[in-house]
Undergrad: 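Before anything else, here's the structure in question.
Side chains included, hydrogens not; waters and symmetry mates left out as well; all remaining heavy atoms used. The residues of the chain are indexed from 1 along the displayed sequence. Whatever order the structure lists ligands and atoms in, that order sets their numbers, starting from 1.
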Amino acid sequence: MSAEAKFRVFVATRFLAEVEAAFDDAFDATFATDEAAPLDELARLVSSGARFDVVLFSLNVRMGAEEIAALPEDVVALATYSVGTDHIDFEAAAARSLAVFNTPRVLADSVAEDAIFLMLAGARRATESIDLIRERRWADWTPKQLVGVQLSGRTLGILGMGDIGQRIATRAQALGMHIAYHNRRPVEEGDGRGFGFRETPEALVADSDVLMIACPSTPETRGSVNAALLAHARADLIVVNIARGDIVEDDDLIAALESGRIRGAALDVFAGEPEVDERYFALPNVFMVPHIGSSTIEARLGMGRILVEGLTAWRAGEAPANRAA
Ligand code: DGY
């Protein structure tokens, strides 16, 4: 591909060397050096004469209405290295006629594996177990020590049955779990795959031993895992969140965990991350990891590849499947 045919891309987030090499190869790429304020750097570059067609970034760069309005006028597309797009104001992007690309599918297996890891950690009291052994407090084996729950035969309730939710479901079935789910629409052929649709989130929670939050963060889902929903929970419920922190009302989940109203929680994502509500740290029945759902080499390379392929196809006049808007 000649240099003229390449998109001029400002890469606002820094990535693994292999991913950056792929961007460098496919695009006329400029990589941010000011990682704390890449959009300010973009504005400085443009005021010194640089021109860009695409801004490529990830979850660490918020593309709200203000940021989008301030983008250089040549920019025609936003490309986010994430499947989630809640950090992008789509109305503002549409007002500027910007195309938006993201990274569906390529990270779904990694996120599904993270979901299973968290669910097992919640069931087997991983925080307490790790603390006991690492703090050298383990005195003896006893049959009463750290008794968790077996997942086989229990029901996994999945809130949000998209691609990731379905991949979690098939893995959980291999553990011997029953699958219930709530989604805007029932999944095609879901019954035949052993996925039991529930009309409401309340009905789902009432039937679940594990509640897996796997829906996108939208105005409808934000704050939806709250006291009113948890009031329907079984006493043994474990809440797992691999989606977005703001879907959970922290005050309400923490109250349910502190009071023993539910068994536990396993969290990959947090409202306001990387800040984490301090109260979670005091709860032994909470297992936490720092948003590592797609942090595998396979997903990271795939995310780079799908952005290269999508932008290249779009430049050639095609309609790639990873165009989100
Ligand atoms: C995404 O891509 O939106 C995920 O949250 C990354 O783990």
Undergrad: I want to check something: taking the side chain as every heavy atom from C-beta on, are Val11 and Thr30 in contact at a cut-off of under 4.5 Å?
TA: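 No; the side chains remain at least 4.5 Å from each other.
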Undergrad: With respect to Arg244, determine whether any N or O atom, backbone or side chain, lies less than 3.5 Å from an N or O atom of ligand 1.
TA: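 Right, the criterion is met.
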Undergrad: Report yes or no: do Glu273 and His291 form a side-chain donor-acceptor pair below 3.5 Å?
TA: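 His291 and Glu273 do have a side-chain donor-acceptor pair below 3.5 Å.
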Undergrad: After noting the C-alpha distance and the side-chain angles of Arg300 and Ser295, does the key distance pass the side chain to side chain donor-acceptor pair (under 3.5 Å) rule?
TA: CA-CA 7 Å; Arg300 290 285 175 256; Ser295 298; 3.0 Å; yes
Undergrad: Is it the case that ligand 1 has an N or O less than 3.5 angstrom from some N or O of Leu107?
TA: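 Among all N and O atoms of Leu107, none is under 3.5 Å from an N or O of ligand 1.
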Undergrad: Please identify each residue that fulfils ring pair (Phe, Tyr, Trp, His ring centres under 6.0 Å) with Phe197, with sequence neighbours left out.
TA: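 Phe197: ring pair (Phe, Tyr, Trp, His ring centres under 6.0 Å) contacts with Tyr181.
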Undergrad: Within a distance under 4.0 Å of any heavy atom of Gly84, pick out the atoms of ligand 1 and give their elements.
TA: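 Atoms satisfying the 4.0 Å criterion: 1 (C), 2 (O), 3 (O).
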Undergrad: Would Thr103 count as a polar contact of ligand 1, with the cut-off being nitrogen or oxygen pairs under 3.5 Å?
TA: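 No, no N or O pair falls under 3.5 Å.
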Undergrad: N/O of Val83 under 3.5 Å from N/O of ligand 1, yes or no?
TA: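 Yes.
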Undergrad: CD/Gln166 to CE/Met161 distance, rounded to the nearest 0.5 angstrom?
TA: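 It is 5.5 Å, given to the nearest 0.5 Å.
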Undergrad: Is there any N or O on Ser294 that sits under 3.5 Å from an N or O of ligand 1?
TA: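 Yes, there is a polar N/O contact under 3.5 Å.
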Undergrad: Kindly confirm or rule out a cation-pi arrangement of Arg8 over Phe52, judged by NZ or CZ under 6.0 Å from the six-membered ring centre and within 45° of its axis?
TA: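 So Arg8 doesn't make the cation-pi contact.
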Undergrad: Could you tell me the residue and atom name of the protein heavy atom closest to atom 4 (C) of ligand 1, and the distance to it rounded to 0.1 Å?
TA: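 Answer for atom 4 (C) of ligand 1: His291 NE2, 3.7 Å.
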